[in-house]
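Contents: one structure, followed by commentary.
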Amino acid sequence: MCDTPKRPVSFPTLSSSRPRFALPWLRRYWPSLVAAAVLIPHALAFNFVNDDAYISFRYAKNLAEHGQLVFNLGERVEGFTNFLWTVMLAAAMKLGFAPENASRVLGTACGVAGLMVVNRISLRLDPQPSPRASVGHIFAPLGLAVTAAYACWCMGGLETQLFTLLFLLACERLLAELHRDAKGVTSALWFALAGMTRPEGLMLFVLAGAFRVGHMLWQRRVRPTRQELLWPLAFVAVF
């Protein structure tokens, strides 16, 4: 009886045991992680709820408990300007969370996400892979994290950070679409959600449309592409 040769047992190395996307992602987005570590304690220093937030809390409460988006039950008066934020608070209340806590958690989460989008915009504007450029990318998100107004409105209970995040997402996608790095009309969808969060979103969408027209003329084009024609339609469809 002969012995069957045994195959050598191979053990996974550190380089193969972890997903390969982790390190490139960290190389690109470590500035936003550093900025988030600064933003969160900075925001907690402004731990408050603004008086105006209780208007949205009242509307959200009646929507969650009675299915009526009203301040007083049975009275159809629209006394809010932050539809999407109020609906999100109503969903949180439906799940059993107090609006004071939910609004501050959501606001801080939007603030941190905004840092990552700013990081992505800086990478898009300056994609050089050199170490000097990589270090330079920290200034945009870190500058926001140390800004009192940005940290303050992570708290407060209002829709400020949600609106800021949606606007930043719209701008990042718009840059990608103008440079043909991305196909589609995603930026219009983000602008529509921003407009549903604050009325100023409509004005920013119009300004972005004027910018697109100017970009088209700068390219010496008079005829819009199919994507450019679908862009305002996508906004209207969502809004």
Next on the checklist: Taking CZ in Phe211 as the centre, count heavy atoms belonging to other residues, nucleotides or ligands within less than 6.0 Å. Is the count above 12?
Outcome noted: no
Checklist entry - Looking at Leu168 and Ile121, what are the two nearest heavy atoms and their distance? => result O-CD1, 3.9 Å
Checklist entry - Going through the checks in order, is the side-chain contact (heavy atoms from CB on, under 4.5 Å) test met by Thr86 and Phe57? => result CA-CA 7 Å; Thr86 302; Phe57 295 170; over 6 Å; no
Checklist entry - Given Ile55 and Tyr59, is the side-chain contact (heavy atoms from CB on, under 4.5 Å) satisfied, shown in steps? => result CA-CA 7 Å; Ile55 299 174; Tyr59 276 91; 3.9 Å; yes
Item to check | CD-CG distance between Glu172 and Leu175, expressed to the nearest 0.5 angstrom | outcome: 7.0 Å
Checklist entry - Does the side chain of Leu33 come within less than 4.5 Å of Asn119's, by heavy atoms? => result no
Checklist entry - Is the distance between the ring centroids of Phe235 and Trp190 less than 6.0 Å? => result no
Checklist entry - Distance from Leu169 atom CG to Leu189 atom CG, nearest 0.5 Å? => result 11.5 Å
Next on the checklist: Below 30° counts as parallel, above 60° as perpendicular, anything between as tilted: where do the rings of His42 and Phe46 land?
Outcome noted: tilted
Checklist entry - Could you go step by step and tell me if Arg124 and His179 meet the side-chain contact (heavy atoms from CB on, under 4.5 Å) rule? => result CA-CA 10 Å; Arg124 183 171 296 284; His179 289 87; 5.6 Å; no
Checklist entry - Regarding Arg198 and Asn82, is there a side-chain donor-to-acceptor distance under 3.5 Å anywhere? => result no
Next on the checklist: When you group the ILVMFWY residues by side-chain heavy-atom contacts below 4.5 Å and let the links chain together, are Phe48 and Leu162 in the same group?
Outcome noted: yes
Next on the checklist: When you compare the side chain of Arg120 with that of Tyr29, does any pair of heavy atoms fall below 4.5 Å?
Outcome noted: yes
Item to check | Check: Leu44 and Met155 side chains under 4.5 Å, non-hydrogen atoms | outcome: yes
Next on the checklist: With a 4.5 Å cut-off on side-chain heavy atoms, are Tyr150 and Gln161 touching?
Outcome noted: yes
Checklist entry - Do the side chains of Leu233 and Leu229 join up, straight or via other hydrophobic residues, at under 4.5 Å, putting them in one cluster? => result no
Checklist entry - Does any N or O in the side chain of Gln227 come within less than 3.5 Å of the main-chain N or O of Gly184, such that one atom is a donor and the other an acceptor? => result yes
Checklist entry - Is it true that Leu63 and Tyr54 fall in one hydrophobic cluster, defined by side-chain heavy atoms closer than 4.5 Å? => result yes
Item to check | same_hphob_cluster(Val236, Val185) at 4.5 Å side-chain heavy-atom cutoff | outcome: yes
Item to check | Heavy-atom side-chain contact between Leu39 and Leu115 under 4.5 Å | outcome: yes
Checklist outcome for this item: In short, Pro141 meets Val118 closest at the heavy-atom pair N-CG1, 3.9 Å
Next on the checklist: In the structure I gave you, are the side-chain heavy atoms of Thr197 and Glu159 within less than 4.5 Å of one another anywhere?
Outcome noted: yes
Checklist entry - Just wondering, more than 12 heavy atoms not from Phe97 lying within 6.0 Å of its CZ? => result no
Next on the checklist: The test is side-chain contact (heavy atoms from CB on, under 4.5 Å); show your working for Asn72 and Arg58 and say whether it passes.
Outcome noted: CA-CA 8 Å; Asn72 294 318; Arg58 175 70 174 257; 2.9 Å; yes
Next on the checklist: Restricting to non-hydrogen atoms, name the atom on Gly157 and the atom on Ser103 that form the minimum distance, rounded to 0.1 Å.
Outcome noted: CA-OG, 3.4 Å
Next on the checklist: Taking the side chain as everything from C-beta on, heavy atoms only, tell me whether Trp153 gets closer than 4.5 Å to Leu158.
Outcome noted: yes
Next on the checklist: So which atom in Ala53 and which in Val49 form the shortest heavy-atom distance, rounded to 0.1 Å?
Outcome noted: CB-CG1, 4.1 Å
Checklist entry - Under a 4.0 Å N-O cut-off, is there an ion pair linking Lys94 with Glu65? => result no
Next on the checklist: Taking CZ in Phe71 as the centre, count heavy atoms belonging to other residues, nucleotides or ligands within less than 6.0 Å. Is the count above 12?
Outcome noted: yes
Checklist entry - Between Ala192 and Phe239, what is the shortest heavy-atom contact and its length? => result O-CD1, 3.8 Å
Item to check | Heavy-atom side-chain contact between Phe191 and Leu202 under 4.5 Å | outcome: no
Checklist entry - Which pair of non-hydrogen atoms, one from Arg28 and one from Leu123, has the smallest distance, and what is that distance? => result O-CD1, 3.5 Å
Checklist entry - Do the charged groups of Arg223 and Glu228 touch, with an N to O distance under 4.0 Å? => result no
Checklist entry - Do Glu177 and Ser187 meet the criterion of a side-chain donor-acceptor pair at a distance under 3.5 Å? => result yes
Checklist entry - Can you tell me how far the CG atom of Leu165 sits from the CG atom of Leu193, to the nearest 0.5 Å? => result 10.0 Å
Item to check | CZ-CG distance between Phe139 and Leu144, expressed to the nearest 0.5 angstrom | outcome: 14.0 Å
Checklist entry - Val105, Leu95: one ILVMFWY side-chain cluster at the under-4.5 Å cut-off? => result no
Item to check | Expected output: side-chain Asn62 to main-chain Val70 donor-acceptor under 3.5 Å | outcome: yes
Next on the checklist: As an exercise, state the distance from NE2 of His137 to CG of Leu125, rounded to the nearest 0.5 Å.
Outcome noted: 8.5 Å
